[in-house]
Amino acid sequence: MPTYGSYKYPDSAEYTGEWNEAGQRHNIGFMTFPDGTTYEGHFENGLCSEYGVMIFQDGSRYEGEFREGKFHGFGIFRRSDGMSFEGEFCEGKIHGLGLMTFSDGTHGLPRNEGFFKDNRLVRQERCSVVVQRAAEAAHIATSQKLT
């Protein structure tokens with residue numbers, strides 16, 4: 001049976017949320033990392049998992065799916081300067097179909113929409129279904145709250 005509580009780590013990180021029997025962060029929780037980055041969402045065996053929101057010290061944020069502590073699946077990454085990517089992520093990188101939007105609201109010429117590999121556009125194609133799935137994942141991630 002999971003327990004609920006808070007813990008401050010020696011490196012100044014702090015966690016509030018649920019713990020599993022092995023003493024690992026598990027289920028819904030809120031973590032502040034030593035550099036000021038925060039994460040609110042789901043944990044599995046101590047790592048960010050499923051849906052969550054990570055906000056970096058510079059104001060950049062990721063809302064969406066995680067796996068084993070990394071951005072993985074569908075989500076939206078918004079940089080502090082207003083640039084964003086909506087689409088697929090793999091192992092913490094932009095990888096898969098998605099749409100890049102620049103801080104002025106444009107998508108570039110040619111349009112930065114299509115298949116990205118290792119954070120770079122490699123093939124243009126329309127991907128509105130993937131962009132919609134990224135928006136849905138971001139909505140689920142932002143809807144989770146600690147109770």
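Computed from a predicted model, the values in this text were never measured in an experiment.
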Listed partners of Ser60 passing side-chain hydrogen bond (donor to acceptor under 3.5 Å, both in side chains), at least two apart: Asp58
Plane angle bin for Phe71 and Tyr62 - parallel if under 30°, tilted between 30 and 60°, otherwise perpendicular: parallel
Residue pair Tyr15, Ser6: steps toward the side-chain contact (heavy atoms from CB on, under 4.5 Å) verdict: CA-CA 5 Å; Tyr15 174 75; Ser6 296; over 6 Å; no
Side chain to side chain, Met31 and Thr38, heavy atoms closer than 4.5 Å: no
Residues Phe56, Arg61; criterion side-chain contact (heavy atoms from CB on, under 4.5 Å); working and verdict: CA-CA 6 Å; Phe56 297 90; Arg61 63 188 292 133; 5.7 Å; no
Would you tabulate the side-chain donor-acceptor contacts of residues 82-97 under 3.5 Å, counting partners in other chains and residues two or more places apart, or write 'none'?
residue: Glu88; atom: OE1; partner: Leu97; partner atom: N; Å: 2.6
residue: Glu91; atom: OE2; partner: Arg67; partner atom: NH2; Å: 3.3

Residue pair Thr3, Glu18: steps toward the side-chain contact (heavy atoms from CB on, under 4.5 Å) verdict: CA-CA 5 Å; Thr3 59; Glu18 294 182 49; over 6 Å; no
Val130 reachable from Met100 in the ILVMFWY side-chain graph, under 4.5 Å edges: no
Partner set under side-chain hydrogen bond (donor to acceptor under 3.5 Å, both in side chains) for Arg123, not counting sequence neighbours: Glu125
Minimum side-chain heavy-atom gap Glu50-Phe66 below 4.5 Å: no
Note, Glu113 side chain near Cys127 side chain (heavy atom, < 4.5 Å): yes
Least distance between heavy atoms, Glu65 atom then Phe74 atom: OE1-N, 2.6 Å
Side chain proximity check, Arg111 to Leu99, heavy atoms < 4.5 angstrom: yes
Inter-residue atom distance Thr32.OG1 - Tyr9.OH, 0.5 Å rounding: 11.5 Å
Min side-chain heavy-atom separation His26-Asn45 under 4.5 Å: yes
Ala138 versus Ile76, closest heavy-atom pair with distance: CB-CD1, 3.8 Å
Heavy-atom pair of closest approach, residues Gly41 and Gln144: CA-NE2, 3.7 Å
Shortest non-hydrogen contact between Tyr51 and Tyr39, atoms and distance: O-OH, 3.5 Å
Heavy-atom pair with the smallest gap, counting every atom of Gly59 and Ser80: C-CB, 4.1 Å
Glu40 side, atom CD; Ile55 side, atom CD1 - distance, nearest 0.5 Å: 8.5 Å
ILVMFWY network linking Phe77 to Leu121, side-chain heavy atoms under 4.5 angstrom: yes
Validation row: Trp19, Arg25 side chains within 4.5 angstrom (heavy atoms): yes
Closest approach of Pro10 to Tyr7 (non-hydrogen atoms, all atoms of both residues): CD-OH, 4.4 Å
Rounded distance [0.5 Å steps], OG1 in Thr101 versus NE2 in His107: 4.5 Å
